[in-house]
Amino acid sequence: MQVELYDTLSRQKKPLEPQDNTVRIYHCGMTVQSRPHVGHLRGYIVMDALRRFLRFKGYEIKLVQNITDIDDKVIEKSAAEGIDWRMLAERNTDELLRVTDALNIERPTVMPRATQHIEEIIDLVSKIIEKGHAYESKGDVYFDVRSYSKYGKLSGKNIDELESGARIEPSENKRDPLDFALWKAAKQGEPYWYSPWGKGRPGWHIECSAMSAHYLGSEFDLHAGGEDLVFPHHENEIAQYEAATGNGFAKAWMHVEMLNLRGEKMSKSTGHLVVASDVIEAYDPNVLRMFTLRVHYRAQTEYTIEGMDEARSAWERITTFLAAAQQVLGEPALATEYPKLDAVLSDDFNTPKAMGLVFDLVHQGNEALASGDKDKLAEATVKLNLALQILGFKPRREEGVQDVKTLLDLLVRFRSELRAAKAFEWADKLREMIQEAGLIMEDTKEGTRIRFR
RNA sequence: GGCGGCAUAGCCAAGUGGUAAGGCGGCGGUCUGCAAAACCGCUAUUCCUCGGUUCAAGUCCGGGUGCCGCCUCCA
């Protein structure tokens, strides 16, 4: 099945057609001015699942995800804290990696930092100036928006309408208020790099054009990021790269919609957000993945405790089944194909439909379990395992529970004997105590079993 | 003001013009010493509203109403 994704630029679904077997993807990462929040995580989880799916489809994936470790806010916030800007950037980068690792999100193939690509950035800025699409002004360099006729093609904006929007940052250095900085002169005490225009630092959008070009070349397959980046960030990336080289930039654009909080978008500047670290402390990593993938990536959705609790219940339905199936079938096996899943994910990565299939399998498996049909059980289980793997779920059984298994078996035997002796009071007492430790004991026809919550 | 998106059960959420997936929750039943899990049944004659196209509309078109995003740093 041919994979198609909705492309923001052409405003339609577009087949993914890499030139060779490698899919080249640039995913806009964080500006590490502050701690990662759950809104960031939505995009990372979607990309992680997409990447696993494409790998399942037989592609190699080269995923470049930047860390923008220098910008105005990084400087401001580190100054406010009285620490070196590098320390702030590294601290937030570390936290991001800690959180994404915990969420079973694979690290990108390359995770380039803006400050490690100053040379490429300067080259690109120089080229834009040479082509007449940028100008220097008192140590700053600005992109000349009016010189580039295709400006606005991604976001569908019109320069003159933007102009009348009135909320544009004025600057005496700019020729036109819409022009944006490619390079910013360093003020006293600010970090700087040497450039043909004096001491300074890159503007916000240029690092992504430079790094994507450096690692992926022109016309790479997919450029992804949050919906809020469409304008101006991605619009500017296109303008910079295409104005400098005359080559096409990304072939397709994928934008993940916002995760809102109380009806509004999460935002670093207003503090209207939920910190990522808090969420992974409170919930199993699979729960956030469930919460994320049950909604299509192009639909806005709301972060709520109720939603997370609901996702937890849903996830428990899966793990409960897996534990029961394992008791009958032994160690889990994987199907090699699952055409229905392939079809729904190939159609603009419809993960909510995929979750529907997952729960259908759980239901079929439970039916088989109830009727004692071992073949049917195995069929559902192997497909389910494949689906979970493709979507990036990681049931806990893979985490070395083996070490305590003997001990658990002992407890199960103990309860069985108490029940056989009709010492129900003690049997229940044991179950309660076990539950306090976060484990659930259940009596079934096949005997008592124990599972993690 | 300009551009874009969305309105589907108590809640979350899919839905290619052909007769409303799935999850959570709730109710009834089966099983059980009790519980949990699971299974069986029920839980939207209808998809914000008004009009239109069509043999047929949640799906297409137009007018309302409401909500969200972007136009400023943002995933």
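Numbered from 1 within each chain, the chains take letters A, B, ... in sequence-line order. Side chains included, hydrogens not; waters and symmetry mates left out as well; all remaining heavy atoms used.
- As judged by a 4.0 angstrom heavy-atom cut-off over every strand, A:G307 is placed among residues making no nucleic acid contact.
- Atom CG of A:D342 sits about 11.0 Å away from atom CG of A:L357, to the nearest 0.5 Å.
- Summarising the geometry, atom CG belonging to A:N286 is positioned 9.0 Å from atom NZ belonging to A:K394; distances are rounded to the nearest 0.5 Å.
- When the C1' atom is used for both B:U30 and B:A75, the distance is 49 Å, rounded to whole Å.
- To the nearest 0.5 Å, atom CG of residue A:L293 and atom OG1 of residue A:T351 are 4.5 Å apart.
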Exercise. What is the per-nucleotide protein-contact pattern of nucleotides 34-41 of chain B, from the 5' end, where B denotes a base atom under 4.0 Å from a protein heavy atom, S denotes such proximity for sugar-phosphate atoms only, and - denotes neither?
Worked result: BBBSSSS-
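- Look at CG on A:N260: it is 12 Å from C1' on B:A75, rounded to the nearest Å.
- No side-chain N or O of A:E227 forms a donor-acceptor pair with one of A:H255 less than 3.5 Å apart.
- The interatomic distance linking A:H272 (NE2) with B:C68 (C1') rounds to 12 Å, in whole Å.
- Residues A:H37 and A:Y303 bring no donor and acceptor atom of their side chains to less than 3.5 Å of each other.
- Defined by atom type and a distance below 3.5 Å, a donor-acceptor pair is present between the side-chain atoms of A:N66 and A:T68.
- Across all strands shown, A:L259 has heavy atoms under 4.0 Å from base atoms, whether or not it also approaches the sugar-phosphate.
- As rounded to the nearest Å, B:G23 and B:U45 have C1' atoms that lie 24 Å from one another.
- Taking atom NZ of A:K153 as the reference point, atom P of B:C71 lies 20 Å away to the nearest angstrom.
- A perpendicular orientation is assigned to the rings of A:F231 and A:Y151, their planes being inclined by more than 60° (bins at 30° and 60°).
- One atom, CG of A:L63, and another, C1' of B:A75, lie 14 Å apart when rounded to the nearest Å.
- Using the six-membered ring where Trp is involved, A:H27 and A:Y44 have ring planes that are perpendicular, over 60° apart on the 30 and 60° scheme.
- The separation between A:M258 atom CE and B:G4 atom C1' is 13 Å, rounded to whole Å.
- Each of A:M355 and A:G43 has a nearest nucleotide on RNA chain B; the 5'-most of these lies closest to A:M355.
- As judged by a 4.0 angstrom heavy-atom cut-off over every strand, A:D360 is placed among residues touching the sugar-phosphate backbone only.
- Across the protein-nucleic acid pair, A:R312 atom CZ and B:G25 atom P stand 11 Å apart, rounded to whole Å.
- Taking OG1 of A:T448 as the reference point, atom CZ of A:R431 lies at 9.0 Å (rounded to 0.5 Å).
- Taking a pair as Watson-Crick or G-U wobble with both distances under 3.5 Å, the runs of three or more consecutive pairs in RNA chain B are B:1-7 with B:65-71, B:10-12 with B:22-24, B:25-30 with B:38-43, B:48-52 with B:60-64.
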Seminar exercise, completed: With sugar-phosphate taken as primed atoms, P, OP1 and OP2 and all else as base, the protein-contact string of nucleotides 11-18 of chain B at under 4.0 Å (heavy atoms; B, S, -) is BBSSS---
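- Side-chain contact between A:F220 and A:S212: present, with at least one pair of heavy atoms (C-beta onward) separated by less than 4.5 Å.
- For the C1' atom pair drawn from B:U8 and B:C40, the interatomic distance equals 27 Å after rounding to whole Å.
- With C1' as the reference atom, B:C42 and B:A7 are 28 Å apart, rounded to whole Å.
- Here the C1' atom of nucleotide B:G33 and the CG atom of A:L430 are 16 Å apart, to the nearest Å.
- For A:K157 against B:C70, a side-chain-to-base donor-acceptor contact under 3.5 Å is present.
- Between the side chain of A:H296 and the backbone N or O of A:D348, at least one donor-acceptor pair lies under 3.5 Å.
- Taking atom P in both B:C39 and B:C24, one finds a spacing of 10 Å when rounded to whole Å.
- The gap from the P atom of B:C48 to that of B:A57 amounts to 15 Å, rounded to the nearest Å.
- Between B:A38 and B:G4, the two C1' atoms lie 46 Å apart (nearest whole Å).
- If you take NZ of A:K265 and C1' of B:G4, they are 14 Å apart, rounded to a whole angstrom.
- A distance of about 50 Å separates the C1' atoms of B:C70 and B:G28, rounded to the whole Å.
- To the nearest 0.5 Å, the span separating CZ on A:R451 from CD on A:E316 amounts to 6.5 Å.
- For the pair A:F424 and B:G33, the ring geometry qualifies as stacking, because the centroid separation is below 5.5 Å while the planes lie within an angle under 30°.
- A:D48 and A:R52 are joined by a salt bridge, as a carboxylate oxygen and a charged side-chain nitrogen come within less than 4.0 angstrom of each other.
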